[in-house]
Amino acid sequence: MTAQAANGNGHGMSSEIDGRSVPPLGLTGQQFINAATNAVQEIERYYSTIDERPVLPSISPGYLQKLLPSHAPQDGEPWQDIANDIEAKIMPGMTHWQHPKYMAFFAASSTYPGILGEMWSAALTAPAFNWICSPIVTELETVVLDWLAQILALPKAFMSSGQGGGVIQGSASEAIVTCMIAARERFVRRQLEREGITDEDESEDRASEIRSKLVALGSEQSHSSTKKGAVIAGTRYRSIATARKDDYALTGTGLRARLEELTTKGLQPYYLTITLGTTNTCAVDDFASIAEVAKDYPDLWIHCDAAWAGAALVLPEYQHLSTQLSFVDSFDINMHKWLLTNFDASCLYVQKRKDLTDALSITPAYLKNQFTDSGLVTDYRDWQIPLGRRFRALKVWFVLRTWGVSGLQQHIQHHINLGNLFADLVRSRDDIFTMFTPPAYALTVFTVNARRKQPVLREHTTVDGAGPRPDQDSHVAIIPATDDKHVAAANEATKAVYNIIDERKEFFLTSTVIDGVFAIRVVSANPLAEEKYIRQVFDQLVKASEQVLEKTH
């Protein structure tokens, strides 16, 4: 009997030469249908009842090792036994990012169209390192990235019809590293051309000397991935001071001062991250003044990190920011944060794709083919650090078609409305709360008053980077050292309130430290966020604050 005859869909096995005990695809076709149907039902049940689960797990590190065997099974197990362990073994260790009481870090989107896109991407697995691997993987990505650029009103230079284009990276951090490598090599290449060096050995030696003087820059509110990127790129990193009077935005004045300082020391600034929506407070850097400075530094690659807040560009009232971005070399937004697409879908745009391919293109004989050699196709392997890549464009395509532009706008506006509601509630109790910075992009950052008295927040004093980011490994409250007794008292009160909420584990919030001030962040912006939960968390914060302040009198 042939394998196909053993199971009418070809998923069985021959009894003559095939000694495998597990079907080639792990399950027979009918077993897969049954398992997948059950999985979809369980996933739907998970989302429809997620509000009944605790948002945070109550386990200790290493809990899973006590539940699982110390070695893999010798023989395969029935699928139902494996499926049962999702609830028994996996769920106890989950932090439920889609829970309506999740208000920490920033949201990580998950939607049914996104999940379906992931399913099809898994089914149509291809490493997709060049066009011929599976042409649709490349071509759909080009199309949907152009769609998104239009939705966000990005400058036309970022469209694939010109010299630029978009590519899906794994994360905004990956996008920064990719651009930093391209920026480094562009700077080196231009300098070698200016010096007229063409000999191969001499070029390599001189390139090493040039790289040793390069400096990457970011404001001290820039995401920590910029500093990490400089480590990976093998260059120096310097941060640029920001001030509370500027709402922690990087300004052209601060940038120019830092650039002049570095060049006076014989160093060469080659890369800068500017931010549309910083992690700590959603600050937006002063694009107009930075653009003026950029005119005097044409070799400086400027990357706009809009990982979270860039999603707001779907709304016309925010698109004045889009029109200011013609001076940046690259722009990145994470659709997997606020635009309804499951992780990972970080959309990187460049004005000149040749800057990426010049730095990252290596084509050994086994990757050569007539289509690549023709120059008529895009090989996205040359736009990224890894060689292979997943079919991520499918889920983007599904999401954009499901919601449409108007649906995306309604989605973002809903969360901005929730953020404004929470900010208004905080303002309504200015006897116990102080707004630390203006609320923005659904994020509110505030402190608890010391003895029902607004703290005197000191101005900038940090040297090379702000305090712990709310997107680092731990959300444990860390009190900064300060000599200002008013700030210290407010910090103690804010920390006490934060710890009360954190220990209850009903809501998940994060804290941060900026200029020696301990603050609480609240951002409710996953697809299941609702007004009633905003009011509930505010009531808990009020009660906790009154409890803490009562003890200080």
Side-chain angles (χ1 to χ4, degrees), residues 127-131 137-138 141-142 144-146 148-149 154 157-160 163-190 207 211 214-218 222-237 269-276 299-308 310 325 328-337 343-363 367 378-393 396 471:
F129 44 79
N130 59 20
W131 181 85
V137 177
T138 295
E141 187 160 334
T142 300
V144 297
L145 267 291
D146 278 349
L148 181 61
L154 295 181
F158 290 113
M159 300 282 290
S160 66
Q163 299 181 55
V167 57
I168 303 176
Q169 305 280 349
S171 67
S173 301
E174 188 177 324
I176 283 174
V177 172
T178 301
C179 290
M180 200 174 289
I181 297 297
R184 184 192 69 189
E185 294 310 295
R186 187 181 74 173
F187 189 99
V188 169
R189 186 169 58 255
R190 288 179 178 180
R211 291 190 189 103
L214 296 182
V215 185
L217 297 167
S222 295
H223 192 273
S224 56
S225 55
T226 297
K227 185 173 184 178
K228 184 175 182 178
V231 172
I232 295 170
T235 65
R236 290 174 172 83
Y237 173 77
Y270 76 101
Y271 170 93
L272 168 69
T273 291
I274 63 173
T275 309
L276 198 170
D299 293 331
L300 182 67
W301 181 299
I302 301 179
H303 173 74
C304 180
D305 178 6
W308 167 258
L325 292 172
V328 305
D329 296 275
S330 52
F331 170 91
D332 186 76
I333 174 178
N334 285 347
M335 286 193 71
H336 58 248
K337 281 188 173 173
F343 188 87
D344 52 350
S346 188
C347 301
L348 170 65
Y349 292 90
V350 292
Q351 291 215 33
K352 293 184 178 179
R353 54 184 176 265
K354 191 174 185 295
D355 288 335
L356 290 181
T357 59
D358 281 350
L360 300 171
S361 179
I362 296 178
T363 308
L367 292 180
T378 297
D379 286 340
Y380 278 127
R381 73 169 190 272
D382 298 330
W383 296 44
Q384 62 179 28
I385 302 299
L387 175 66
R389 54 206 328 278
R390 300 193 305 116
F391 197 176
R392 292 177 288 212
V396 175
D471 59 332

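The residues of the chain are indexed from 1 along the displayed sequence.
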**Message:** If you apply the rule side-chain contact (heavy atoms from CB on, under 4.5 Å), what do you find for Tyr349 with Leu145, and how did you get there?
**Reply:** CA-CA 8 Å; Tyr349 292 90; Leu145 267 291; 3.3 Å; yes

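- Scanning for salt bridge (charged side-chain N to carboxylate O under 4.0 Å, His left out) contacts around Arg353 gives an empty result, with sequence neighbours left out.
- Taking the salt bridge (charged side-chain N to carboxylate O under 4.0 Å, His left out) definition, one finds that Asp329 meets it with Arg186, sequence neighbours left out.
- Arg190 pairs by the side chain to side chain donor-acceptor pair (under 3.5 Å) definition with Asp299, not counting sequence neighbours.
- Looking at residues two or more places apart in sequence or on another chain, you find no side chain to side chain donor-acceptor pair (under 3.5 Å) involving Ser173.
- Residues passing the side chain to side chain donor-acceptor pair (under 3.5 Å) test with Ser160 are Asp146, sequence neighbours excluded.
- Partners of Lys228 under the side chain to side chain contact (heavy atoms under 4.5 Å, CB included) rule, at least two apart in sequence or in another chain, are Ile232.
- Residues passing the side chain to side chain contact (heavy atoms under 4.5 Å, CB included) test with Pro127 are Phe129, sequence neighbours excluded.
- The side chain to side chain contact (heavy atoms under 4.5 Å, CB included) check on Gln351 picks up Ala157, Phe158, with sequence neighbours excluded.
- We find the CZ-CZ distance between Arg184 and Arg211 to be 5.0 Å, quoted to the nearest 0.5 Å.
- Checked against side chain to side chain contact (heavy atoms under 4.5 Å, CB included), Ala359 has the following partners two or more places apart in sequence or in another chain: Ala182, Glu185.
- Considering only residues two or more places apart in sequence or on other chains, Thr226 meets the side chain to side chain donor-acceptor pair (under 3.5 Å) condition with Thr273.
- Contacts of Trp308 classified as ring pair (Phe, Tyr, Trp, His ring centres under 6.0 Å), with partners at least two apart in sequence or in another chain: Phe106, Trp338.
- Residues satisfying the salt bridge (charged side-chain N to carboxylate O under 4.0 Å, His left out) criterion with Arg389, sequence neighbours excluded, are Glu141.
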